[in-house]
2 protein chains.
Amino acid sequence: MTDTFTPDLDLAYAVADSADRLVSVQVFMSGGSAELTGANITRELYDAARAGRAEPLIYSAAKELLDRIKPRDTVVFCTGFFDPPSMIDEMDGPLGCVALARMLCVTLDITPVFLTEVANMERMAGLAASLGLEVLDYELARTTPFKAAVMPLPIDHERAKAEAERLCAECAPAAMIAIEKPAPCPRGRYHTGKGLDVTDTVGKVDHVFAEARSRGILTIGIGDGGNEVGMGAILDDILRVVPTGDVIGTPVETDLLVVAAIANWGAYAIGATIAAALHMPEAIHSLEEERRLTGTAASLGFIDPATGLANGWTDGTPPVCSEAILELLRQMVLLRLGRMNPQNPLQIPKKWAERHDPNTTVALWADHLARKEAAYFAGLSD
Amino acid sequence: MTDTFTPDLDLAYAVADSADRLVSVQVFMSGGSAELTGANITRELYDAARAGRAEPLIYSAAKELLDRIKPRDTVVFCTGFFDPPSMIDEMDGPLGCVALARMLCVTLDITPVFLTEVANMERMAGLAASLGLEVLDYELARTTPFKAAVMPLPIDHERAKAEAERLCAECAPAAMIAIEKPAPCPRGRYHTGKGLDVTDTVGKVDHVFAEARSRGILTIGIGDGGNEVGMGAILDDILRVVPTGDVIGTPVETDLLVVAAIANWGAYAIGATIAAALHMPEAIHSLEEERRLTGTAASLGFIDPATGLANGWTDGTPPVCSEAILELLRQMVLLRLGRMNPQNPLQIPKKWAERHDPNTTVALWADHLARKEAAYFAGLSD
């Protein structure tokens with residue numbers, strides 16, 4: 001994808017291997033399921049998704065994006081979930097889309113297109129602006145860095161089919177990524193994690209992903225509960241693990257599936273891994289930007305579905321949780337990258353060992369410590 | 001241990017199950033081994049330690065401490081590692097000891113005794129003071145809350161044996177916890193993670209733990225590299241996984257072993273789990289206290305062994321990493337505890353579902369969204 005730099009896949013693998021474990025740590029709930037059971041279902045869904053694969057899930061997603069995307073390519077981000085009780089979009093998904101879109105703008109110079117329900121389009125544009133992604137008409141966006149478009153994902157089946165075709169034909173996206181996007185169960189109905197039927201409030205995303213797959217466009221699904229686009233790869237496990245699995249479980253598959261405790265975290269981890277591969281840690285959004293993103297989302301009305309409050313929380317967890325995950329991901333990249341620099345302070349012990357015989361220093365210290373210890377015990381017996 | 005409250009072991013188990021996974025995430029290096037390999041060895045050592053056990057490692061440690069400790073009991077915390085190149089105590093271990101000691105003071109009203117090399121005793125007392133644990137003579141300490149003692153762990157074998165006996169007889173500790181404390185290899189030599197022989201600078205901790213075990217005192221070892229007290233339980237795996245394992249691997253066992261990416265994190269997780277069991281989230285030290293602890297440690301000269309610098313870093317990671325782990329642990333406790341309160345905002349969706357038929361609301365919204373969508377597409381075709 002880059003002209004002058006071969007992606008550092010070893011570094012990306014090392015980061016993704018840790019990131020996989022981190023983003024599948026259950027801090028409290030994931031979707032509706034952990035809330036219902038109190039059990040650590042994220043790990044079970046993660047293990048199921050990982051079982052058939054040789055590589056960390058985050059690594060596969062990052063590597064495929066690196067392989068497929070050329071500068072100025074369009075990448076579609078599909079998200080949005082009108083959640084009861086407040087019936088407005090939830091935090092999980094949209095924030096991951098905007099953050100990952102920004103990271104892919106910095107690293108791979110993409111044109112992001114956010115695909116969401118009509119009633120959510122303006123809110124989504126406001127959220128994208130909070131990380132510096134101005135939303136414009138697609139034709140304007142695709143010639144300028146850090147511009148994006150928002151397009152409608154119709155609730156109506158026929159409109160959704162037509163839009164899917166138009167989107168794929170007009171934008172020829174290099175990849176399509178769904179983050180926490182509800183997908184239909186085998187009977188064609190869409191549900192919340194707890195099992196409420198919300199079919200008539202949800203964009204018919206299955207047509208869009210079917211169209212993308214038929215055209216060979218890379219598709220990635222990121223989810224946490226079992227009812228999201230991509231989870232079809234582990235439907236058997238969802239039926240086994242998720243209490244509401246037989247109602248909400250979806251057969252909708254993507255080329256790659258990422259399971260995370262909160263779907264946004266999976267998106268952050270993919271972006272961080274690509275930043276590692278390209279030795280661009282600055283591509284990961286800063287803590288200040290994370291706070292701006294979260295604050296803007298709350299201001300725009302995005303809710304925590306666990307309560308219905310627009311308080312900056314996501315899936316029942318306060319902002320500090322996502323901030324902590326982001327900072328750990330950043331350090332996974334920065335620290336591994338830093339040690340490649342021969343002038344990094346990490347090289348000090350090695351240089352010291354080259355200049356002195358460490359055993360000589362240790363022996364001097366042994367003598368010093370022995371005298372201190374003897375003096376201490378002599379003092380006690382005085 | 002408490003008069004009026006039965007520990008909530010279900011909650012403790014749920015927290016520990018997540019905490020186990022969190023604290024075994026490798027952010028960068030653990031001991032010298034990950035630095036040497038660049039591989040994710042923490043997970044392999046964790047899996048080895050967990051393999052034989054039914055419960056999360058953190059849960060076993062927390063539960064045993066809850067079972068054994070009575071108010072005002074003494075708990076011994078053994079730590080200290082003079083690390084090249086700077087030959088002064090490292091950050092990993094002492095901070096975990098002070099933080100866990102404070103958490104056990106708040107929850108179980110213990111008297112902490114910090115056991116470390118003579119040359120490190122004053123530094124250890126200064127560090128304990130930073131979290132409000134004043135260090136005094138043992139007799140004073142054991143009658144007053146939030147007081148502690150520091151006692152010598154001799155480098156000399158004969159002195160160490162005598163002190164081990166005196167300590168166990170005088171204090172009758174309910175438990176003895178070693179955090180990142182170097183233990184001898186089968187040939188009786190003590191090493192850094194990278195394999196440097198530092199036998200003559202290390203307190204002879206094996207005598208102390210042998211004495212404790214012979215008296216039936218609960219012993220817990222927390223480590224990250226393979227050369228620490230407690231790692232004897234997985235010596236075969238250390239030989240297999242750790243590049244320097246055949247030099248540094250120790251046979252010294254404890255009743256319970258906790259493996260973490262950074263040993264301090266294991267200590268934080270045990271404290272958080274006990275706080276969960278007792279419904280006392282305020283027992284977990286605050287972010288401000290964490291920063292004071294780290295800043296004081298740097299001021300006192302405790303080093304990051306990865307560089308030798310006293311800059312507040314631990315095992316090659318900046319303070320933000322431990323802060324992120326601490327905040328995630330705190331939320332694991334707070335969020336799970338919060339949902340038990342019937343007045344918690346988490347109950348709002350349930351109450352709403354009791355007062356209204358959610359399907360009616362969803363149907364109203366479906367109509368509203370359909371009209372919005374129709375208007376949008378009508379506008380496009382105008």
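Owing to the predicted nature of the structure, the values given are computational and were not obtained by experimental measurement. Quick note on labels: first sequence line is chain A, next is B, and so on, each numbered from 1.
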Among A:Ala366, A:Pro85, A:Ala324, single out the residue with the greatest number of heavy-atom pairs under 4.5 Å to chain B.
-> A:Pro85
So which of B:Ala363, B:Ser24, B:Ala353, B:Gly308 has the biggest tally of heavy-atom pairs under 4.5 Å with chain A?
-> B:Ser24
A:Thr201 versus chain B, the contacting section by heavy-atom distance below 4.5 Å | both
Taking every heavy-atom pair that is under 4.5 Å apart, which of B:Ser86, B:Pro358, B:Pro154, B:Ala375 has the most such pairs with chain A?
-> B:Pro154
Per-residue tally against chain B (heavy atom, under 4.5 Å) across A:Arg159, A:Glu323, A:Glu117 peaks at A:Arg159
Ignoring hydrogens and angles, tell me if any N or O in the side chain of A:Gln331 forms a donor-acceptor pair with the backbone of B:Pro318 under 3.5 Å.
-> no
Quick one: does A:Leu369's side chain get under 4.5 Å of B:Val118's, heavy atoms only?
-> no
A:Leu328 versus chain B, the contacting section by heavy-atom distance below 4.5 Å | both
Does any heavy atom of chain B fall under 4.5 Å from the side chain of A:Ala374, the backbone, both, or neither of them?
-> both
Report the option among B:Leu22, B:Val25, B:Val15 that has the most heavy-atom pairs separated by less than 4.5 Å from atoms of chain A.
-> B:Val25
So, do B:Phe377 and A:Asp156 sit near enough that their side-chain heavy atoms are less than 4.5 Å apart?
-> no
State, with a plain yes or no, whether a side-chain heavy atom of B:Leu196 is found less than 4.5 Å away from one of A:Val362.
-> yes
Hey, is the main chain of A:Gln26 close enough, under 3.5 Å, to the side chain of B:Ser18 for a donor-acceptor pair?
-> yes
Go through B:Lys350, B:Arg43, B:Arg330, B:Glu327 and name the one with the most non-hydrogen pairs under 4.5 angstrom from chain A.
-> B:Arg43
Is it the backbone or the side chain of A:Phe82 that comes under 4.5 Å from a heavy atom of chain B, or both, or neither?
-> side chain
Mind running side-chain contact (heavy atoms from CB on, under 4.5 Å) on A:Leu346 and B:Phe28 for me, showing each step along the way?
-> CA-CA 12 Å; A:Leu346 280 174; B:Phe28 174 36; 3.8 Å; yes
With chain A, the option among B:Pro152, B:Ala119, B:Pro84 that has the most non-hydrogen atom pairs under 4.5 Å is B:Pro152
When you measure from the side chain of A:Glu373 to the backbone N and O of B:Ile155, does any donor-acceptor pair fall under 3.5 Å?
-> yes
Counting heavy-atom pairs under 4.5 Å with chain A, the top scorer among B:Thr307, B:Asn311, B:Val320 is B:Thr307
Contacts of A:Thr199 that satisfy side chain to side chain donor-acceptor pair (under 3.5 Å) - sequence neighbours left out = A:Arg189, A:Asp197
Heavy atoms from other residues, nucleotides or ligands near CD of A:Glu170 exceed 12 (cutoff 6.0 Å) | yes
Looking only at A:Met87, A:His368, A:Met121, A:Met332, the option with the highest number of non-hydrogen pairs under 4.5 Å against chain B is A:Met87
Count the heavy atoms of every other residue, nucleotide or ligand shown that sit under 6.0 Å from NZ of B:Lys372, and state whether that count exceeds 12.
-> no
Choice from A:Asp200, A:Ile348, A:Leu335, A:Asp367 maximising heavy atom contacts with chain B below 4.5 Å | A:Leu335
Considering residues, nucleotides and ligands other than A:Gln347, do more than 12 of their heavy atoms fall under 6.0 Å from its CD?
-> yes
State whether the side chain of A:Arg336 and the backbone N or O of B:Val27 hold a donor-acceptor pair below 3.5 Å, judged by distance alone.
-> yes
